[in-house]
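First comes the structure, then the notes that go with it.
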Amino acid sequence: MTEFAAALCNSLISDNMLDEDENKYYVNQTVIDRSLTELYHDLTTDKEPHEVTVMLAMLLINSGLFKRYFPKDEATQIQLRLKEVAKSDQYPLISDVIKRVHTELSRIVASVRRETV
């Protein structure tokens with residue numbers, strides 16, 4: 001497993017998607033910026049957002065990192081758009097993705113709470 005992880009990380013380093021510092025790996029800031037820009041544009045247009053974008057947004061929101069990357073107005077706009085999409089019959093796949101992410105995160109949080117008690 002370690003060899004697989006090392007090979008994967010080395011591949012991402014050669015593609016300039018990861019940086020390495022003393023055997024610690026970091027996501028390249030350019031990749032983060034590009035991903036956040038894509039997320040913002042995908043969730044602020046009138047078209048159906050991509051399910052991967054929605055999952056990333058949901059994970060950022062639920063982890064508390066969302067506020068770090070987006071100014072308050074933009075964050076509010078994106079969160080309202082996610083709520084709108086989640087409730088819409090027009091985007092059943094995306095609504096399902098949002099529900100699944102919430103369900104899985106709830107299970108993880110419940111599991112962690114049981115182990116710490």
Side-chain angles (χ1 to χ4, degrees):
M1 185 58 100
T2 304
E3 289 178 27
F4 173 74
L8 179 62
C9 287
N10 288 334
S11 175
L12 291 171
I13 288 170
S14 68
D15 289 343
N16 202 27
M17 297 189 72
L18 279 183
D19 291 329
E20 180 182 17
D21 183 22
E22 298 176 20
N23 293 324
K24 292 182 181 178
Y25 299 98
Y26 303 92
V27 177
N28 184 306
Q29 188 62 42
T30 304
V31 173
I32 293 171
D33 292 344
R34 184 177 24 190
S35 297
L36 293 173
T37 300
E38 288 175 18
L39 182 147
Y40 178 77
H41 288 297
D42 195 28
L43 291 174
T44 56
T45 61
D46 290 333
K47 65 179 180 66
E48 179 178 10
H50 193 272
E51 62 267 12
V52 173
T53 304
V54 171
M55 285 189 280
L56 175 60
M58 297 302 300
L59 291 171
L60 287 172
I61 290 168
N62 286 289
S63 68
L65 293 172
F66 197 73
K67 293 176 183 176
R68 180 189 300 177
Y69 293 118
F70 292 99
K72 186 177 181 179
D73 291 341
E74 290 178 0
T76 301
Q77 180 183 5
I78 291 171
Q79 289 175 320
L80 289 173
R81 175 74 171 140
L82 282 171
K83 287 179 184 177
E84 172 188 308
V85 168
K87 293 178 182 179
S88 173
D89 292 335
Q90 186 178 359
Y91 309 115
L93 176 64
I94 300 302
S95 179
D96 187 46
V97 167
I98 291 171
K99 289 174 188 169
R100 278 189 278 142
V101 169
H102 276 300
T103 301
E104 293 302 318
L105 287 174
S106 297
R107 289 179 183 160
I108 291 168
V109 168
S111 174
V112 169
R113 283 187 181 153
R114 279 194 299 268
E115 289 180 16
T116 59
V117 173

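Values in this document were obtained by computation on a predicted structure and should not be read as measured data. Heads up: numbering here begins at 1 and tracks the sequence.
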Check whether any side-chain heavy atom of Phe70 sits under 4.5 Å from a side-chain heavy atom of Thr76, and report yes or no. no

Quick one: closest heavy-atom pair of [X] and [Y], and the distance?
X: Ile98; Y: Leu82; result: CD1-O, 3.7 Å
X: Val85; Y: Ser95; result: O-CB, 4.2 Å
X: Ile78; Y: Phe66; result: CG2-CZ, 3.6 Å

Across all chains, not counting sequence neighbours, the salt bridge (charged side-chain N to carboxylate O under 4.0 Å, His left out) partners of Arg34 are none

Got a sec: does the NZ of Lys47 have more than 12 other heavy atoms crowding it under 6.0 Å? yes

Drop me the distance from Glu48's CD to Leu43's CG, to the nearest 0.5 angstrom. 11.5 Å

Looking at CD of Glu84 and CD of Gln79, how far apart are the two atoms once the value is rounded to the nearest 0.5 Å? 13.5 Å

Where the side chain of [X] meets the backbone of [Y], is there a donor-acceptor pair that is under 3.5 Å apart?
X: Arg81; Y: Thr45; value: yes
X: Thr103; Y: Lys99; value: yes
X: Thr37; Y: Asp33; value: yes

With the 4.5 Å side-chain cut-off for hydrophobic clustering, are Leu39 and Leu93 part of the same group? no

Name every donor-acceptor pair, under 3.5 Å, that has one atom in a side chain of residues 50-59 and the other anywhere in the protein, sequence neighbours excluded.
unit_1, atom_1, unit_2, atom_2, d
His50, ND1, Val52, N, 3.1
Thr53, OG1, Asp42, OD2, 2.8

